[in-house]
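Numbering starts at 1 and runs along the sequence shown. Each ligand, and each atom within it, is numbered from 1 in the order the structure gives.
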Amino acid sequence: MIDWTEAKETILNAAERLQPIEVDILDSLDMVLAEDAAADIDIPPFDNSAMDGYAILSSDTASISEDNPPCALNIIDSQPAGSFTDKTVISGTAIKIMTGAIVPKGADSVIMVENTQPVDENKVIVLKPVRRGENVRYKGEDIKKNEIVLKAGSVIGSSQISILASLGKSRVKVYRRPKVAVIGTGDELVDLTDPLLPGKIRDSNTYSITACVKSTGGNTVRIGIIKDKWDNVREAIEMALECDVVITTGGVSVGEYDVVKNVIEDLKADLKFWKVAQKPGKPFAFWALDKKLIFGLPGNPGAAMVCFEAYVRPALLKMMGRTKFNKPEVDAILTHDFKKKAGRLNFVNILVEHRDGEYYATTCGSKKMGPIKSMAYSNGLALIPKEVSFVKAGEKVRVQLIEEKERM
Ligand code: AMP
Ligand code: MG
């Protein structure tokens, strides 16, 4: 039985970044950029006005003060955004200008409309002085032509999309999403719309794990539930191997009907490990087959999701080009005593609360709450080390923040 750090390292070593593909800009959200994005133009591409007002010469306003009367200027043209005037501003003149419009020749500043008073269509009174360059956004001020604005490896969020759009990139090169097959094994399982005959339970794993894959950014193929029979399991896994990653749940323990392991070995996959010194999720198995990864998650719904968080999510993220695989971690004060057996790392479902500058952790998984509910009612996963057998209330535990959104 190996430790989780070794298990995770083995998996991350086997998980290789997938090849880059070109996608539509909006499909690149949350993906990783596979090439540097350089600016083909200066941004903004021309000196433009930051305000609605008048493009003028700042020197015309230099003498305006409380004692000195404001100056009157002749309006020689109007310049809305998107248009272009060939008139030149000279001393004594002004061109009406809108936000985003090119600053016309001659002008060195813009007086905002609030600091002027109209006389008629051809004349305006400037009430306050302006500095040279005031309310002008200069060409290339934001981004310089040829500047690398986003490096390969950047994770694309909405502000990166804004940059890519400004650079004219309608298509974006990103590392592709892995295609992930999800199989649930077990004679006891029925699908959601099927009758619950005696001894049967509803399959939740293929749904929860499919949701986990989707939330990581993977493309999912939910193969569904398969009976604990060699032929059925084999056929399902062969079909699943069309994908980059195969995730099975159930059938990897030591039970008489746990055939998943034997089938996958028969397919000549390389068993990297089976069984990890952790709770829950001990009978977790992992294989590599060429460049494909096969995760044999335990059937217990809580254990399956813990294993997904601890191992599968980081692997999928690596395949998509990410370099940070871990959820944010905090040290949280345990609100009650916690007992465990030494010998296995425990992943404990935790409700983390933030008050008065401290994080507080209360366990959700216990006799009071089964694995399905405790996952849903928690927002973190505490890692209680292998050798520890008791944590006293008030001591700190390390918690991975799993669920960032407030759901309850
Ligand atoms: P196994 O790992 O196959 O021994 O299953 C362990 C436990 O998880 C058993 O109680 C199973 O009934 C349950 N289980 C297995 N697969 C699923 C599933 N897809 N959905 C919900 N529970 C499951
Ligand atoms: Mg089973």
Side-chain angles (χ1 to χ4, degrees), residues 1-2 4 7 180-215 218 220-237 239-240 243 245-266 269 271 273-287 294-313 344 346-349 364-367 369-378:
M1 201 151 59
I2 62 170
W4 91 287
V180 183
V182 181
I183 302 171
T185 69
D187 287 344
E188 74 279 32
L189 304 176
V190 295
D191 212 337
L192 311 188
T193 48
D194 293 340
L196 260 185
L197 298 174
K200 302 290 181 186
I201 61 164
R202 290 196 181 112
D203 158 42
S204 61
N205 287 347
T206 67
Y207 291 95
S208 59
I209 298 301
T210 299
C212 286
V213 174
K214 278 180 190 281
S215 73
T220 54
V221 180
R222 186 185 153 267
I223 290 185
I225 35 187
I226 304 295
K227 295 252 176 286
D228 289 318
K229 287 190 187 61
W230 176 278
D231 291 345
N232 300 43
V233 173
R234 177 151 185 143
E235 191 190 350
I237 289 174
M239 185 161 51
C243 297
V245 175
V246 180
I247 305 176
T248 66
T249 75
V252 285
S253 293
V254 288
E256 236 167 87
Y257 297 93
D258 291 338
V259 294
V260 171
K261 264 186 80 238
N262 298 339
V263 167
I264 296 176
E265 256 150 69
D266 196 56
L271 176 68
F273 61 80
W274 176 48
K275 288 190 181 169
V276 184
Q278 66 178 49
K279 190 184 171 194
K282 179 172 131 186
F284 171 47
F286 173 66
W287 301 261
I294 309 174
F295 295 93
L297 307 188
N300 173 291
M305 283 183 78
V306 158
C307 288
F308 185 91
E309 288 302 334
Y311 305 105
V312 189
R313 192 187 297 277
R344 282 199 270 164
N346 278 29
F347 290 103
V348 185
N349 294 315
C364 297
S366 69
K367 289 185 192 75
M369 223 186 260
I372 297 179
K373 239 163 87 174
S374 66
M375 279 305 279
Y377 286 25
S378 64

Check: What pair of heavy atoms forms the shortest contact from Val254 to Lys275, and how long is it?
Finding: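 Shortest heavy-atom contact: CG1-NZ, 4.2 Å.
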Short side-chain to backbone donor-acceptor contact, [X] and [Y], under 3.5 Å:
X      : Y      : value
Lys214 : Ile209 : no
Asn232 : Ile226 : no
Thr185 : Gly250 : yes
Trp274 : Gly296 : no

Next item on the list: Go through Val213 and Arg222 one step at a time and tell me if the side chain to side chain contact (heavy atoms under 4.5 Å, CB included) criterion holds.
Entry: CA-CA 10 Å; Val213 174; Arg222 186 185 153 267; over 6 Å; no
Just let me know how [X] lines up against ligand 1, side chain, backbone, both or neither, with a heavy-atom cut-off below 4.0 Å.
X      : value
Val252 : neither
Ile225 : neither
Pro301 : side chain

Margin query: I want to know if ligand 1 touches Gly250 in the polar sense, i.e. an N/O pair below 3.5 angstrom.
Written below: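 Among all N and O atoms of Gly250, none is under 3.5 Å from an N or O of ligand 1.
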Notebook entry, point to check: Between Thr206 and ligand 1, does any nitrogen or oxygen pair lie at a separation below 3.5 Å?
Noted result: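 N/O-N/O distance under 3.5 Å: no.
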Next item on the list: May I ask you to check whether Tyr311 and Phe295 place their ring centres under 6.0 Å from each other?
Entry: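 Not under 6.0 Å, so no.
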Margin query: Evaluate Arg202 against Leu196 for side chain to side chain contact (heavy atoms under 4.5 Å, CB included), listing each step before the verdict.
Written below: CA-CA 7 Å; Arg202 290 196 181 112; Leu196 260 185; 4.0 Å; yes
Starting from [atom], which protein heavy atom do you reach first, and at what distance in Å?
atom                    : answer
atom 16 (N) of ligand 1 : Asn205 ND2, 3.5 Å
atom 22 (N) of ligand 1 : Ile201 CD1, 3.5 Å
atom 20 (N) of ligand 1 : Ser204 N, 3.0 Å
atom 3 (O) of ligand 1  : Gly251 N, 2.9 Å
atom 4 (O) of ligand 1  : Ser253 OG, 4.1 Å
atom 6 (C) of ligand 1  : Asn300 N, 3.6 Å

Item checked: Positive for side chain to side chain donor-acceptor pair (under 3.5 Å) with Thr249, one of Thr206, Asn205, Asn300 ->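 Going through Thr206, Asn205, Asn300 one by one, the side chain to side chain donor-acceptor pair (under 3.5 Å) with Thr249 is satisfied by Asn205 alone.
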Could you tell me, atom by atom, which parts of ligand 1 come under 4.0 Å of a heavy atom of [X]?
X      : value
Glu188 : 11 (C), 12 (O), 15 (C)
Asp203 : 18 (C), 19 (N), 20 (N)
Arg202 : 20 (N), 21 (C)

Next item on the list: Going by heavy-atom distance to atom 5 (O) of ligand 1, choose the closest among Gly299, Ala304, Gly302, Ser208.
Entry: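 Minimum heavy-atom distance to atom 5 (O) of ligand 1 goes to Gly299.
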Next item on the list: Could you tell me whether ligand 1 has any atom less than 4.0 Å away from a heavy atom of Gly186?
Entry: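 The answer is no, since Gly186 has no heavy atom less than 4.0 Å from ligand 1.
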Item checked: Sub-4.0 Å protein heavy atom next to atom 14 (N) of ligand 1 ->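 It does: a protein heavy atom is found less than 4.0 Å away from atom 14 (N) of ligand 1.
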Margin query: Nearest 0.5 angstrom please: Cys243 SG to Ile223 CD1, how far?
Written below: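 So the gap between those two atoms works out to 6.0 Å.
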Margin query: Just verifying a value: how many Å separate Ser208 OG and Asp203 CG, rounded to the nearest 0.5 Å?
Written below: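 The distance works out to 8.0 Å.
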